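Both backbone and side-chain heavy atoms feed into the values below; hydrogens, waters and symmetry mates do not. Within every chain, numbering begins at 1; the chains are lettered A, B, ... in the order of the sequence lines, protein sequences first and strands thereafter. The structure displayed is predicted, hence computed values, not measured ones.
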Amino acid sequence: MNLNHVIESQQFTLPKIKELFERTELMKKIVARGGTKDYENKIMANLFYKPSTRTRFSFASAMYRLGGKVMTTEQAGEFSSEVEGEKLEDTIRIIAHYSDVIVLRHVEEGGAERAASVSTVPIINAGDGSGGQHPTQALLDLYTIYSECNTLDGMSVAFIGALDTGRTVRSLAYLLSKYDRTKLYFIAPDEMQIKPDILEYLDKRNVSYELANTTKGIVNRVDVIYQTRINQNRLKSKKIDLSVYNIDSDVLKVMKNDAIIMHPLPRSVEISHEVDSDHRAKYFRQSENGIYVRMALLTMLFDN
Amino acid sequence: MNLNHVIESQQFTLPKIKELFERTELMKKIVARGGTKDYENKIMANLFYKPSTRTRFSFASAMYRLGGKVMTTEQAGEFSSEVEGEKLEDTIRIIAHYSDVIVLRHVEEGGAERAASVSTVPIINAGDGSGGQHPTQALLDLYTIYSECNTLDGMSVAFIGALDTGRTVRSLAYLLSKYDRTKLYFIAPDEMQIKPDILEYLDKRNVSYELANTTKGIVNRVDVIYQTRINQNRLKSKKIDLSVYNIDSDVLKVMKNDAIIMHPLPRSVEISHEVDSDHRAKYFRQSENGIYVRMALLTMLFDN
Amino acid sequence: MNLNHVIESQQFTLPKIKELFERTELMKKIVARGGTKDYENKIMANLFYKPSTRTRFSFASAMYRLGGKVMTTEQAGEFSSEVEGEKLEDTIRIIAHYSDVIVLRHVEEGGAERAASVSTVPIINAGDGSGGQHPTQALLDLYTIYSECNTLDGMSVAFIGALDTGRTVRSLAYLLSKYDRTKLYFIAPDEMQIKPDILEYLDKRNVSYELANTTKGIVNRVDVIYQTRINQNRLKSKKIDLSVYNIDSDVLKVMKNDAIIMHPLPRSVEISHEVDSDHRAKYFRQSENGIYVRMALLTMLFDN
């Protein structure tokens, strides 16, 4: 199977992930020695229907380290605003003539797939809709576990936060379920607990999991703490004290010495700044890995 | 005559157009083999006083395929907003030090000419004011006819849509009038018909033309259908059914087999999606040609 | 002392300024022959929390002339808006992985220093807060005097305009105070006169200065007229006629033949357009010098 577009994390088989991570290791070395010019003829179009500077910069940096060129819009809605009814498909047909790869952040779920159906160049889904996919985030999360823990088998992972809306948690849980002896913990207030479709999927694949309201008794056992944001404003019940979900020095005291702490960033108060200097805090490394994983993905698309 | 600035389509003589199109053919070949690095020292400033992502991306892509660099603002009005009364001329004098060519979309008619009067680097007019010029669009339109029909002599062209405000139609009609035995049809509701100044110009040059309210009896005879948008909201009379101006399968049935359909894009409903797969639909090719024509123009300016 | 970050003009010692200006001369020559590719592996992140197209373009152009790459946001506030309470420090830690130098325009005084405290790549302060520093402007101002007057010793400089809020005036006055026999004139309406902290600083360094309400008797004697903007709306007293502070043909008549006129631009009415063609008008040259000085600074950071 060749890689033509990157639309959803489900499309990545184990062999494909293996190839991706091998390429990622290579990209780390290439960046360390100053990047490459192998792809200097390639143009990336960053076509964002709403701003996401972090994701956009990460893709641009990946493309630059490969020697390529980047053009950007963060207001792609302007394409359609001037003509009521212009279709995403028309926009993609045009941009595909201007570029060699299109990184698309669209506002509607399924936007990336519609784009891929008409594009003559690869589409990379950089997020489509609030409930949609963001596959490169899931892949860089998985790579971070792999490179920090040296394996993806037998990992126990605690997801913490507003798990019902957590796109990254859903995608990563999906990818982890492919590996042997995975054990997942979903820690959230009841009203923000992970949605049943993921649990049904895990049941079907015989993946072991637990739901919980507290980090107590769990964060001391797991290999990975995957912390995410909780928007205080979403809480219906004012009685819930969200600070019990925070990662702070108390959690550091009980965590295993070789466990790691991840976060898709940006963070608010849910990880204390005192945690930053701990050797197990890997969230900035995780963000850095995004460059290498995205470089690796780009080369897989270009070398096709 | 050397090419110092690209301000209006009128400045292009037949020999200059010939040279441009020869260079355009060469650029097609250069892009097919991955672009060139011949202009890698050159910097383009995309100075847009209002956003036009499509045009901006097309110029950026052209510059990148030539090996060059691009910097962009879509809110150049900010230059002047901070100081009441800052003149476009001052802005241009400054940007001319930062770049080797300035692609200017200004909001006032005549803006590009004012810019050219003080600039030490070439100015390319990418649209100035709603009634102003957009010469690179006219040139890529002309090139599309030339490359699809293998000649520019004896062409019959039907312009359809809101022709009174159609900047691209006006400019293309102007350029076509330079060629032998041109025959033009202007098809629009009366209230949106082409303005008298163009007709006077055609009369003076003895160019044959007809005005019409319907595509019937015309679209079956012409070599080129140049469709444009009609903004429904502009119609004073609610009784007019604009769908009679649409290009759809009925038009495809009567069109000549070697005729072509063009559109400056974006389109709304005025070309049905069923037309896209017809071999005579050339509007996406036309958009693609914009890259090659703009590359050719840039080389003419740089090689001066 | 190596140059790790460019935060404030105070950090530049006389030897460092000397090195900077030697490099600046070299950069002029490099640009004249089309730029260099020596820094083609380097990525600049233009991280602007509010737009400043002029400054941003100047840095981008400098980076491009060095062969490097540039990525840009003018709405970096978006980084933090999605998460209440995201810290600048977190943003910098992330962007530092994406780039080799960060050009930061922040909204809070001290922002650049906070950024430098956590960044693994050099930070260049491109303005922080309205009362903060903008050191590259001060350095290019100083360089312009140096290159036009061939010395920095014994210069008499008249600053004119709203000096209380004039960031560039404050920084340049600071730098000029390092040189022998400097004489400064501060010419402004009383309510916009330079703030006492600068005068105290000059007193401490035994730098000679005068305050005045009029250009009369001063502009005929100085080596440099440094004109700045006066915002008419800020004037409390309607009786003050600001036109007496303007530079026009009357000033040209009395100025010394080898004096120069500078302005940080953009200008409004405070320099008449009739002045532009005078051989002593150096404000566009000053803007051009910004490219060379910024190139020189970048090489000092990269070559560290």
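Among all heavy-atom pairs drawn from B/Met71 and C/Ala60, the shortest one is SD-CB, 3.9 Å. When all heavy atoms of C/Tyr64 and B/Val70 are compared, the closest pair comes out as OH-O, 2.7 Å. Contact detail for C/Phe57 and B/Asn46: the closest heavy-atom pair is CZ-O, 4.4 Å. Shortest non-hydrogen contact noted between B/Tyr98 and C/Ser287 is OH-OG, 3.5 Å.
For the atom pair B/Asp90 CG and C/Leu265 CG, the distance stands at 6.5 Å (nearest 0.5 Å). Remark: C/Arg56 CZ to B/Thr72 OG1 distance equals 7.5 Å, nearest 0.5 Å. Distance check: C/Arg285 CZ to B/His97 NE2 gives 8.0 Å after rounding to the nearest 0.5 Å.
Within residues 27-43 of chain B, the residues having any heavy atom under 4.5 Å from a heavy atom of chain C are, by residue number, B/Lys37, B/Glu40, B/Asn41, B/Ile43.
In summary, B/Asp100 and C/Arg65 engage in a salt bridge, as defined by a charged side-chain N under 4.0 Å from a carboxylate O.
For the pair C/His273 and B/Glu89, the minimum side-chain heavy-atom distance is 4.5 Å or more.
By the neighbour-count criterion of 12 heavy atoms within 6.0 Å, atom OH of B/Tyr146 is sparsely surrounded, having that number or fewer from other residues, nucleotides or ligands.
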Apply the test side-chain contact (heavy atoms from CB on, under 4.5 Å) to residues B/Glu74 and C/Thr53: give CA-CA distance (whole Å), side-chain angles for both, the deciding distance (0.1 Å), then the verdict.
CA-CA 10 Å; B/Glu74 292 194 306; C/Thr53 311; over 6 Å; no

